[in-house]
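A short worksheet on the structure shown next.
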There are 2 protein chains.
Amino acid sequence: MSEQLVDDTSPEGVTDGRVRRGDRTRRVVLRRAVDVASVEGLEGLSIGRLAGELSISKSGLIAHFGTKEQLQLATIRAARAIFVHSVIEPALESTQGMARLRRLLEAWLEYSCDRRFPGGCFFSRAAHEYAARPGAIRDAIAAVDEEWVGLIAATVAEAQAVGEVRADADPALVAFDLVSYLDSANLRSLLLGTDDVYDQARVAVERRLADAAS
Amino acid sequence: MSEQLVDDTSPEGVTDGRVRRGDRTRRVVLRRAVDVASVEGLEGLSIGRLAGELSISKSGLIAHFGTKEQLQLATIRAARAIFVHSVIEPALESTQGMARLRRLLEAWLEYSCDRRFPGGCFFSRAAHEYAARPGAIRDAIAAVDEEWVGLIAATVAEAQAVGEVRADADPALVAFDLVSYLDSANLRSLLLGTDDVYDQARVAVERRLADAAS
DNA sequence: AAACAACACGAACGATCGTACTATTTTCTT
DNA sequence: AAGAAAATAGTACGATCGTTCGTGTTGTTT
């Protein structure tokens with residue numbers, strides 16, 4: 001999952017001051033774009049508003065991306081990089097198996113509860129926005145979601161291989177249950193304006209892990 | 001929950017042909033509005049587009065609701081009436097307790113899987129759209145969600161009172177887990193374009209109910 | 001110093017948005 | 001048949017949308 005997360009946010013070894021300036025503003029734009037989109041949605045991302053908030057020109061802004069749809073796709077990639085850095089990478093420090101699985105789930109809950117994006121989980125917001133609307137944006141969002149659910153399932157399978165999970169457990173089913181708790185806590189913490197649901201999710205996660213453990 | 005679900009959709013005993021005509025078009029508008037909003041969102045509900053699709057004038061359409069926000073709120077009420085009719089009422093035929101709980105959950109899965117709204121669950125779509133945006137619409141959506149989760153919790157409590165659920169089970173926690181499965185299946189059936197996730201949700205529901213049963 | 005390249009800006013475009021105001025048509029009342 | 005009432009239609013408004021084009025501005029290369 002984390003093989004190439006430098007698409008838009010870190011061109012690295014560029015010495016040319018002109019393109020460095022361009023990359024800097026592109027980074028500034030995307031940083032703001034992910035925050036706005038997590039609240040207003042990817043459709044609510046308006047070029048004029050974004051340019052106004054950043055005090056740059058509409059034309060100068062869109063020149064970096066070509067079209068609005070490409071700006072939206074770049075925003076998704078930028079959000080994915082932030083997600084990987086916030087949730088995935090820290091968990092990779094734990095040894096694979098149940099320990100890493102717990103780290104992943106807890107990191108996700110913190111990522112949501114700490115409002116790493118002001119509107120909660122960026123992908124939960126975007127997924128519901130485009131789930132029923134075919135197109136490149138939906139495909140990109142669906143791909144990230146499958147990556148995430150697949151990672152959880154793979155980690156369950158690892159724990160199974162190590163003998164920490166019962167042999168008759170289906171990793172895909174366990175993963176389905178676990179991500180369901182996370183998504184539900186994310187949404188309802190926003191709706192209810194309280195963090196209590198995160199503890200409900202933690203209880204649910206622990207129960208599910210205990211049930212699957214050998 | 002179902003004490004007053006006739007707000008916008010059925011004025012019933014009106015004899016005046018003029019207001020009957022108005023109620024008819026209002027019903028036509030809202031029927032289309034809930035379908036559009038379940039796909040494009042409540043913000044994507046545009047008056048001009050709605051009027052165009054129904055071959056009526058923008059001004060004539062909006063005159064029924066006053067402002068766009070009130071049209072959106074009326075759309076929420078109309079969607080709630082459909083939800084109550086599709087999911088709640090059929091389940092009330094079952095005896096209270098575990099039987100009714102199972103009917104509620106299965107009815108919800110069919111309501112989502114059968115695409116009673118073309119974009120899947122109307123409220124899941126709308127909730128994520130407004131979860132992080134304060135206002136009347138968010139409040140209305142949050143209220144419906146609390147009604148629904150509360151109904152599931154109350155039904156669990158009923159089953160507990162009858163002795164079908166273990167005394168040490170927390171109805172709120174059981175309800176949290178159950179609605180999480182439903183929401184997750186709804187979203188991912190749309191994202192993946194397959195109905196398999198509904199079976200995953202059914203397995204999860206059965207496991208959770210078995211764990212809570214006494 | 002001159003030529004070139006990348007970025008940023010301002011102005012304008014057609015389109016659509018929500019809304020307000022003013023007829024016109026339809027239906028009921030008397 | 002005449003008038004009131006309600007629904008519908010028509011028109012126009014300012015604002016914002018995404019996009020395009022021409023022109024500076026800044027940095028690099030030769």
Side-chain angles (χ1 to χ4, degrees), chain A residues 8-9 11-33 36-37 39-75 129-130 133 135-137, chain B residues 8-9 11-33 36-37 40-76 129-130 133 135-137:
Chain A
D8 300 272
T9 55
E12 298 291 326
V14 173
T15 70
D16 192 327
R18 295 170 299 181
V19 318
R20 259 203 355 214
R21 187 157 78 115
D23 291 329
R24 194 174 60 85
T25 59
R26 193 174 300 129
R27 203 155 36 222
V28 169
V29 167
L30 289 176
R31 170 33 86 176
R32 178 67 65 107
V36 171
V39 175
E40 318 272 356
L42 279 167
E43 202 71 24
L45 243 193
S46 106
I47 300 169
R49 175 192 165 177
L50 209 53
E53 292 183 354
L54 298 175
S55 297
I56 62 179
S57 66
K58 276 171 54 178
S59 51
L61 194 158
I62 199 58
H64 283 285
F65 306 95
T67 176
K68 180 181 180 180
E69 187 179 50
Q70 287 173 341
L71 165 64
Q72 292 169 314
L73 292 171
T75 303
E129 188 177 4
Y130 284 91
R133 291 201 273 174
I137 297 180
Chain B
D8 299 273
T9 54
E12 298 291 327
V14 174
T15 71
D16 192 327
R18 296 171 299 184
V19 320
R20 259 206 351 218
R21 188 156 76 115
D23 291 329
R24 195 173 59 86
T25 59
R26 194 175 299 128
R27 202 155 38 222
V28 168
V29 168
L30 289 177
R31 168 32 84 177
R32 178 67 64 108
V36 171
E40 318 272 356
L42 280 167
E43 202 71 24
L45 243 194
S46 108
I47 300 169
R49 174 191 165 176
L50 209 54
E53 292 184 354
L54 298 174
S55 297
I56 60 180
S57 66
K58 276 172 53 177
S59 52
L61 192 159
I62 200 57
H64 284 285
F65 306 96
T67 176
K68 179 181 180 178
E69 187 178 50
Q70 287 173 342
L71 165 63
Q72 292 169 314
L73 292 171
T75 302
I76 293 171
E129 187 176 5
Y130 284 92
R133 291 202 271 173
I137 297 181

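The chains referred to below are lettered A, B, ... by the order of the sequence lines, with proteins before strands, and numbering in each begins at 1.
- Under the salt bridge (Lys or Arg N to Asp or Glu O under 4.0 Å) test applied with B:E53, the options B:K58, B:R31, B:R32 reduce to a single match, B:R32.
- Counting heavy atoms from C-beta outward, B:L42 and B:I76 have side chains that approach closer than 4.5 Å.
- Taken to the nearest 0.5 Å, the CD atom of B:Q72 stands 6.5 Å off from the CD atom of B:E69.
- Note that the first and last nucleotides of DNA chain D, 5' to 3', having any atom under 4.0 angstrom from a heavy atom of chain B are D:dA5 to D:dG10.
- Of the inter-residue distances, the one linking A:T25 atom OG1 with A:L54 atom CG reads 9.5 Å to the nearest 0.5 angstrom.
- Proximity of A:L30 to A:F65: side-chain heavy atoms (C-beta onward) are separated by under 4.5 Å at one or more points.
- Two residues are said to be in side-chain contact when any heavy atoms from C-beta on lie closer than 4.5 Å; B:I56 and B:V29 meet this criterion.
- Applying the 4.0 Å criterion to OP1 and OP2 of C:dA8, one finds that A:T25 has a side-chain N or O inside that range.
- Rounded to whole Å, the distance from NZ on B:K68 to C1' on C:dA20 is 17 Å.
- Of the residues in residues 52-62 of chain A, those with a non-hydrogen atom less than 4.0 angstrom from any atom of DNA chain C are A:I56, A:S57, A:S59, A:G60.
- Among the protein residues, A:L45 comes within range of the sugar-phosphate backbone only, with heavy atoms under 4.0 Å from sugar or phosphate atoms but none that close to a base.
- When all heavy atoms of B:E129 and B:E43 are compared, the closest pair comes out as OE2-N, 2.9 Å.
- B:R26 and B:D23 are joined by a salt bridge, as a carboxylate oxygen and a charged side-chain nitrogen come within less than 4.0 angstrom of each other.
- Summarising the geometry of A:H64 relative to A:G60, their closest heavy-atom pair is CD2-O, 3.2 Å, with the distance given to 0.1 Å.
- Nucleic acid contact for A:A63: none, since no nucleic acid atom lies under 4.0 Å from a heavy atom of the residue.
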Whether each nucleotide of nucleotides 22-30 of chain C has a protein heavy atom under 4.0 Å at its base (B), only at its sugar-phosphate (S) or at neither (-) is summarised, 5' to 3', as ----SBS--
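- With a 4.5 Å cut-off on side-chain heavy atoms, B:I62 and B:T67 do not count as touching.
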